[in-house]
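Working notes for the structure below.
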Amino acid sequence: MKFLVQIAVLFYVVFIMFVCSMVLLSLYNLMPYDMITDFVMVMKADPEVKQFTVGVLAVILLFNFVVYNRFSPEGGREKVIAFDNPAGRVSVSLAALEDLIKRLITRQQEIRESKSMITVGKKGLFIRIKVILRSESNIPELTSRIQEMVKSKIQDIIGLEEPVYVTIHVGKILPEHIKSAEIKKSEDEYQAPPHIPFHGYRA
Amino acid sequence: MTKSGMLDLGTAEVHKNVLAAIVHGAVREVKGVRLEEKGAFLKMQQMLLGDPYPSVIIHVDKEKKVSLDISITVEFGMNIPDTAREVQNMVRAAIEKALSIQLKNIHVHVQGIEGGLR
């Protein structure tokens with residue numbers, strides 16, 4: 001996200017600087033009007049330049065659309081679960097719940113990575129979780145444990161009696177040597193404290 | 001404001017930021033809750049508009065009734081409906097105490113859940 005913000009800020013700063021400089025230069029006759037018309041004529045006449053320009057403009061329009069969708073309050077409106085209290089409405093972002101599920105699941109020793117997606121339907125909440133396992137663990141036992149855990153946690157946390165359906169997709173099981181390499185790496189990262197020889201007590 | 005037996009000395013206006021600051025203080029009183037600070041849009045709003053509390057949006061309708069939209073982050077493990085209700089009650093009480101105005105609606109948006117990492 002930071003990357004997109006940086007790109008967007010850089011793009012708009014450069015674009016505005018370019019437009020302002022061009023207008024200023026043409027206002028003070030530092031850039032002849034013929035130069036601009038020649039440039040436009042070349043763009044129109046040469047099919048390759050024309051195609052290139054169309055491509056660049058299409059990318060700029062697409063980028064604008066993405067930035068608008070992400071940053072405008074209406075365009076970037078998040079999906080939420082909402083319920084009403086007497087004092088007003090409470091909405092819970094689905095992204096927040098997805099993040100919560102990810103944290104819950106990656107607590108399990110057997111799971112290396114996970115990604116979850118929540119959709120809200122008329123029948124309830126549908127949670128789809130993709131996981132990458134660390135080792136060959138008992139998949140039915142593990143998945144049913146995760147399903148129970150996620151279901152109860154979500155029902156606890158949002159406090160609603162909506163039915164929750166949890167689907168788990170095991171995408172990958174990492175081989176044993178990767179697991180042992182990870183353990184070795186973590187052991188290497190741990191540095192033992194330096195040994196200080198005992199010099200006896202001092203008064 | 002004119003009350004019986006009192007002279008009308010003028011109007012008292014309260015800036016939206018004052019209301020937002022009161023909301024900020026009230027939300028901080030609720031355990032395990034803080035106003036949403038992350039998010040590129042909020043940061044840009046804070047940077048460009050100089051809005052010190054971008055996570056509190058104040059609406060005043062034609063009837064001069066005030067509604068609030070508050071974006072919060074709650075701590076992992078907390079019950080969201082209870083927490084949201086507590087936030088609404090605290091904010092309502094704080095606004096009524098400080099400004100003596102009745103809020104129309106207090107909408108709470110839970111944007112994130114923090115903590116609970118391994």
Side-chain angles (χ1 to χ4, degrees), chain A residues 1-9 12-13 66-109 111-112 114 149 152-162, chain B residues 23 26 32-33 36 38-49 54-55 57 59 65-96 102-118:
Chain A
M1 181 45 59
K2 273 187 179 175
F3 180 71
L4 183 66
V5 173
Q6 282 173 353
I7 292 287
V9 170
Y12 287 108
V13 166
V66 169
V67 169
Y68 174 76
N69 267 309
R70 184 62 196 91
F71 296 117
S72 74
E74 283 96 28
R77 188 168 284 166
E78 283 183 290
K79 290 180 178 173
V80 293
I81 299 173
F83 49 91
D84 289 315
N85 272 351
R89 172 159 282 210
V90 179
S91 64
V92 185
S93 153
L94 289 186
L97 293 179
E98 285 170 359
D99 188 38
L100 170 84
I101 292 169
K102 190 177 178 181
R103 285 162 198 229
L104 259 181
I105 292 172
T106 45
R107 278 177 169 184
Q108 306 298 311
Q109 288 285 325
I111 290 168
R112 162 100 186 257
S114 72
M149 189 175 67
S152 63
K153 191 72 192 174
I154 290 292
Q155 279 179 336
D156 269 3
I157 212 157
I158 62 173
L160 300 173
E161 292 304 314
E162 291 287 313
Chain B
V23 172
V33 178
E36 172 74 1
K38 292 174 194 169
F41 183 72
L42 289 183
K43 278 189 176 171
M44 275 178 82
Q45 196 179 338
Q46 197 165 10
M47 204 166 63
L48 298 172
L49 305 176
S55 43
I57 300 169
H59 308 278
K65 292 270 176 74
V66 181
S67 296
L68 300 175
D69 274 281
I70 308 168
S71 300
I72 58 166
T73 303
V74 298
E75 216 168 75
F76 178 81
M78 302 199 62
N79 182 286
I80 289 175
D82 292 348
T83 312
R85 202 173 303 122
E86 203 180 336
V87 168
Q88 287 169 329
N89 292 339
M90 287 294 273
V91 168
R92 187 180 288 278
I95 295 285
E96 280 177 13
Q102 292 280 335
L103 293 172
K104 189 180 174 189
N105 283 314
I106 305 167
H107 302 306
V108 176
H109 307 281
V110 181
Q111 300 284 10
I113 294 165
E114 65 177 11
L117 280 169
R118 222 189 315 191

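Chain letters run A, B, ... following the sequence lines, proteins first, then strands; residues in each count from 1. Keep in mind that the numbers below use all heavy atoms, side chains included, and drop hydrogens, waters and symmetry copies.
Once rounded to the nearest 0.5 Å, the distance linking CG of B:Asn89 with CG of A:Asn85 reads 8.5 Å. Separation of atoms CD (B:Glu36) and OG (A:Ser93) is listed at 8.5 Å; rounding is to 0.5 Å.
Of the atoms belonging to B:Arg85, heavy atoms from both backbone and side chain fall under 4.5 Å from chain A. Only the side chain of A:Asp99 comes within contact range of chain B, judged by heavy atoms closer than 4.5 Å. Only the side chain of A:Lys153 has a heavy atom closer than 4.5 Å to any heavy atom of chain B.
In terms of heavy-atom proximity, A:Arg103 sits nearest to B:Glu114 at NH1-C, 3.4 Å. Minimum heavy-atom separation, A:Ala96 to B:Ile113: O-CD1, 3.8 Å.
If you tally non-hydrogen atom pairs under 4.5 Å between each of A:Asp84, A:Ile81, A:Val90 and chain B, the highest count goes to A:Val90.
Every side-chain contact (heavy atoms from CB on, under 4.5 Å) that B:Asn79 has, sequence neighbours left out, goes to B:Pro81, B:Asp82.
The side-chain heavy atoms of B:Phe76 and A:Leu104, taken from C-beta on, include a pair separated by under 4.5 Å.
With B:His107 contributing its side chain and A:Arg89 its backbone, the two residues share a donor-acceptor pair below 3.5 Å.
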